[in-house]
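Reviewing the structure listed below.
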Amino acid sequence: MRDLQAARRAPLNPSDPADAEGLGTAEPEAPAGVGPVEGRSVPEVEHRPRLWPLFGAIALVALALDVVTKVAVVTYLEPEVGVPVVGNLLTLRLIRNPGAAFSQGEGFTWVFAVAAVLVLGFVLIRLVPRLGHLGWTVALALLAAGVAGNLADRLFRAPGPFRGHVVDFLQLPHWPIFNVADMCITTAAVMIVVLSLIKNVGIDGRHPGDDQPGSA
């Protein structure tokens, strides 16, 4: 009788010591996709802000300001006639510039037009998709607006496509006459120098060494 009772208590699979002792300590494995297993490192997912809408908004506003001011001065100002705005500090004086920014490189209008097309294409195609930093977004937007503003003059103003003269009208003491597009390009250049050389931050918002293991 005692042998029969012991046989009834015996496990069906005697080879399993855990079942034999009746402990049942084995834990079920978590199904795939439920969550990370404790003790295992989970790679961090990179989240970069979508800054191209801000880039587009800044570029369009700056470009519109350049176009509107040029149309206004061409309509209301006489060529080469100065109109003081802030005493002797700022004067409106309409000129037609066949050269580059600040009246540099006259005689190479078509070269500057082709260069502007290449620069604008590079910014829009290669750099804008990589944007991950607010400062770079503003800088590239101003650069694109300035290049596009002067390029529009070279394409659509006299004497013809790729030979058009840029409208300049802002005059400071001891400084070449310029326009809003030139202001955008100059501001962008200063910002790019500060971001890349002083702050040492990339277009995507990363600093050198961020991709190395153990970097903060």
Where the side chain of [X] meets the backbone of [Y], is there a donor-acceptor pair that is under 3.5 Å apart?
X      : Y      : answer
Thr69  : Asp66  : yes
Thr109 : Pro98  : yes
Trp136 : Gly202 : yes
Arg93  : Glu80  : yes

### Message
Quick one about Asn150 and Asn179 (side-chain donor to acceptor, distance below 3.5 Å, no hydrogens or angles considered), yes or no?
### Response
yes
Can [Y] be reached from [X] by stepping across I, L, V, M, F, W or Y side chains whose heavy atoms are under 4.5 Å apart?
X      : Y      : answer
Val138 : Ile203 : no
Leu124 : Val117 : yes
Leu195 : Ile185 : yes
Leu131 : Val123 : yes
Val167 : Val180 : yes

Do [X] and [Y] come close enough that some side-chain heavy atom pair is under 4.5 Å?
X      : Y      : value
Leu94  : Glu78  : no
Leu172 : Leu90  : yes
Val74  : Phe169 : no
His133 : Asp204 : no
Arg157 : Arg96  : yes

### Query
If you draw a 6.0 Å radius around CG in Asn88, do more than 12 non-hydrogen atoms from other residues or ligands fall strictly inside?
no
Nearest heavy atoms of [X] and [Y], plus distance in Å:
X      : Y      : answer
Ala144 : Leu120 : O-CD1, 3.7 Å
Lys70  : Asp153 : NZ-OD2, 2.8 Å
Cys184 : Ala62  : SG-CB, 3.9 Å

How long is the gap from [atom1] on [X] to [atom2] on [Y], to the nearest 0.5 Å?
X      : Y      : atom1 : atom2 : result
Asp168 : Leu92  : CG    : CG    : 12.5 Å
Leu51  : Leu140 : CG    : CG    : 10.5 Å
Phe178 : Ile95  : CZ    : CD1   : 11.0 Å

### From CA spacing to verdict: side-chain contact (heavy atoms from CB on, under 4.5 Å), Ile177, Asn97
CA-CA 9 Å; Ile177 302 176; Asn97 174 22; over 6 Å; no
### Task
Output, in order, the C-alpha distance, side-chain angles, deciding distance and verdict of side-chain contact (heavy atoms from CB on, under 4.5 Å) for Arg154 and Phe112.
CA-CA 9 Å; Arg154 303 188 194 282; Phe112 296 123; 4.0 Å; yes
## Note on the structure
Paired with Thr75, the side-chain contact (heavy atoms from CB on, under 4.5 Å) test is passed by just one of Leu77, Val73, Val71, namely Val71
### Task
Apply the test side-chain contact (heavy atoms from CB on, under 4.5 Å) to residues Leu60 and Phe55: give CA-CA distance (whole Å), side-chain angles for both, the deciding distance (0.1 Å), then the verdict.
CA-CA 9 Å; Leu60 288 177; Phe55 167 89; over 6 Å; no
### Task
Just do the side-chain contact (heavy atoms from CB on, under 4.5 Å) check on Thr186 and Met183 with the steps written out, would you?
CA-CA 5 Å; Thr186 303; Met183 294 171 57; 5.9 Å; no
